[in-house]
A.B. asks: 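Before I ask anything, here is the structure I am working with.
Chain letters run A, B, ... following the sequence lines, proteins first, then strands; residues in each count from 1.
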2 protein chains.
Amino acid sequence: MLSKEENILIHAEQLFAEKGFAATSTREICKAANVNISMIAYYFGSKDKLFERIFEYRMQGGITYAYQVLEMDHLKTIDKFLLIIDKYIERVRTLKSFYLILQREQINNNNPSTQKFIREFKKNYLKLFQEILNTGIRKGEFKQTPELAFLHSTVTGTILTSLNAITTYKEFLNGGEGFEEEYITQLKAYLKKILKYLLGHEKND
Amino acid sequence: MLSKEENILIHAEQLFAEKGFAATSTREICKAANVNISMIAYYFGSKDKLFERIFEYRMQGGITYAYQVLEMDHLKTIDKFLLIIDKYIERVRTLKSFYLILQREQINNNNPSTQKFIREFKKNYLKLFQEILNTGIRKGEFKQTPELAFLHSTVTGTILTSLNAITTYKEFLNGGEGFEEEYITQLKAYLKKILKYLLGHEKND
DNA sequence: AAAAATCAATCAAACGATTGATTTAATTTT
DNA sequence: AAAATTAAATCAATCGTTTGATTGATTTTT
């Protein structure tokens, strides 16, 4: 059973994802969470701080798995990379609402504290990518390395765009039942192919 | 000189891009455009309709250039594709505010009329991609064709993500003056490389 | 053990401010 | 004269926040 505080957090997250921060009223959140209006002030201080708390709540633990993978010495670097990416895809799918907010907030300039948060978070991911590239080169597994920024753009851009537009794609391609599962499988294979090419990895499938 | 109507449109676009639709008040827009509050009702009917008009205003002519390129018979299909993509990049850079709104609206579920608008617009681009692929295959220029949806995701995702995050990348990479121009040049070359690979196009640089 | 004090949790109600929209009259531009 | 534009006032609705009071459990004091 969720605590009242978490209950507010989760319903707020969902509503912010659906309608955006400004378009979601505190009354709406409290109605959805079935709590009194004053509880937002009580638990979080304000609507703004509630928003920031969602980020604290969701962002911890995002990148830790990636660094665990990095230490799996029996894996080839390319497979480490692919493992991290697969996990990222699952994470975006699981925390759907949060990643909608996150994407929107990357575009907005509204909440300065959240902005700084996101920027640091993104830099951490860039650093992670950088380390993977360096390792792969050092081990002679990668024959070439694309520009870090573009590699990052392609990986995150492709994943987020393809997941965002999945219903549009399904509509356009006349996809039936089971479309999404097949789609995700193909997406992973597609990313694998692109990455192997970009990193000059020898083929051995 | 801009008409009053266009003046409102442009200032509204900029404010919506900066702060989002709900967080931007009509008073703010009119103050920025230096017109009376009643002019929004006079020209557009309501704040919502003003928002929709921005889309009508900017979206026309977006894809027409692409179809002009398609008819340039002296060009190889891959070069048509690259030309369209370059133009798209320049368009995103020129209509920066609008594309911020557009991206945000793709994520939101707020304005139903705009949602439908965007969805149709995206399908048109998918159709365009489909036609390019078909032409390239028919002419024997493309040896393979990736899944349409993923190709589209990679192209638009890479472009939008890399342009959105340019300041973060610059910061991370310790970029100095002239970073952006060099960055754009590299982005185009990078996309060219990826596309040639994905489409199985023979190299002849 | 009984009484008193403290605490976090919760509530309904109200606060002042702001919102988008509308109106009416006056003014300017064409 | 007609059309375009402004100014100012006003509307009901909604906004985020604050308030004072109440509850029930826990802790401290007597």
Side-chain angles (χ1 to χ4, degrees), chain A residues 1-57 97 101 104-105 108-115 117, chain B residues 1-57 97 101 104-105 108-115 117:
Chain A
M1 185 57 182
L2 288 177
S3 71
K4 286 243 159 140
E5 191 176 350
E6 263 184 316
N7 198 34
I8 297 175
L9 217 48
I10 283 171
H11 283 92
E13 178 186 59
Q14 197 185 329
L15 285 167
F16 287 156
E18 283 174 15
K19 327 176 38 171
F21 176 79
T24 303
S25 71
T26 52
R27 285 172 177 80
E28 218 172 343
I29 296 168
C30 291
K31 194 175 177 183
N34 202 27
V35 299
N36 189 270
I37 311 183
S38 55
M39 301 317 284
I40 287 183
Y42 182 72
Y43 280 118
F44 306 99
S46 67
K47 187 189 178 187
D48 278 273
K49 284 180 185 159
L50 163 58
F51 185 72
E52 293 168 21
R53 274 282 284 283
I54 293 176
F55 276 78
E56 295 171 16
Y57 183 67
S97 289
I101 300 175
R104 197 162 31 215
E105 205 60 16
N108 279 7
N109 298 318
N110 290 337
N111 192 315
S113 132
T114 309
Q115 280 294 324
F117 208 165
Chain B
M1 182 60 182
L2 290 177
S3 70
K4 288 258 154 125
E5 191 177 350
E6 266 184 314
N7 198 34
I8 297 175
L9 219 47
I10 285 171
H11 282 93
E13 179 186 59
Q14 196 185 330
L15 285 167
F16 288 155
E18 283 173 15
K19 327 177 32 170
F21 176 79
T24 304
S25 71
T26 52
R27 285 172 177 80
E28 217 173 345
I29 296 169
C30 292
K31 195 175 177 184
N34 202 29
V35 298
N36 189 266
I37 313 182
S38 49
M39 300 316 286
I40 286 183
Y42 183 73
Y43 278 121
F44 307 100
S46 69
K47 187 190 178 187
D48 278 272
K49 284 181 185 159
L50 163 59
F51 185 71
E52 294 169 20
R53 274 282 283 283
I54 294 176
F55 277 78
E56 294 172 16
Y57 183 66
S97 289
I101 299 175
R104 196 161 33 214
E105 205 60 18
N108 279 7
N109 299 316
N110 290 337
N111 191 315
S113 130
T114 309
Q115 280 294 324
F117 207 166

A.B. asks: How many angstroms lie between CD in E13(B) and NE2 in H11(B), if you round to the nearest 0.5 Å?
C.D. replies: 11.0 Å
A.B. asks: Report yes if a side-chain nitrogen or oxygen of K4(A) is closer than 4.0 Å to either non-bridging phosphate oxygen (OP1 or OP2) of dT10(C); otherwise report no.
C.D. replies: yes
A.B. asks: For the pair made of CZ in F51(A) and P in dG16(D), what is the distance, rounded to whole Å?
C.D. replies: 14 Å
A.B. asks: Can you tell me how far the CD1 atom of I54(A) sits from the CD1 atom of I8(A), to the nearest 0.5 Å?
C.D. replies: 11.0 Å
A.B. asks: Using the side-chain contact (heavy atoms from CB on, under 4.5 Å) rule, pick out the option among T114(B), I101(B), D48(B) that qualifies with F21(B).
C.D. replies: D48(B)
A.B. asks: Would you tell me if any nitrogen or oxygen in the side chain of K47(B) comes within less than 4.0 Å of OP1 or OP2 on dT19(C)?
C.D. replies: no
A.B. asks: What residues form a side-chain hydrogen bond (donor to acceptor under 3.5 Å, both in side chains) with E105(B), not counting sequence neighbours?
C.D. replies: none
A.B. asks: Should Y42(B) and N36(B) count as side-chain neighbours, where that means a heavy-atom distance under 4.5 Å?
C.D. replies: no
A.B. asks: Does dA8(C) have OP1 or OP2 under 4.0 Å away from a side-chain N or O of Y42(A)?
C.D. replies: no
A.B. asks: Taking the side chain as everything from C-beta on, heavy atoms only, tell me whether F117(A) gets closer than 4.5 Å to E56(A).
C.D. replies: yes
A.B. asks: Using a 4.0 Å heavy-atom cut-off, does Y43(A) contact any base of the nucleic acid, only the sugar-phosphate backbone, or nothing at all?
C.D. replies: sugar-phosphate
A.B. asks: Can you tell if the side chain of E5(B) reaches within under 4.5 Å of the side chain of F44(B), non-hydrogen atoms only?
C.D. replies: yes
A.B. asks: Scan nucleotides 28-30 of chain C against the protein and return all N/O pairs shorter than 3.5 Å with their distances rounded to 0.1 Å.
C.D. replies:
none

A.B. asks: What does the B/S/- profile of nucleotides 13-18 of chain C look like, 5' to 3', with a 4.0 Å heavy-atom cutoff to protein?
C.D. replies: -B----
A.B. asks: Could you check how far CG of L15(A) sits from P of dG16(D), rounded to whole Å?
C.D. replies: 12 Å
A.B. asks: Heavy-atom distance under 4.5 Å between the side chains of Y43(A) and L50(A), does that happen here?
C.D. replies: no
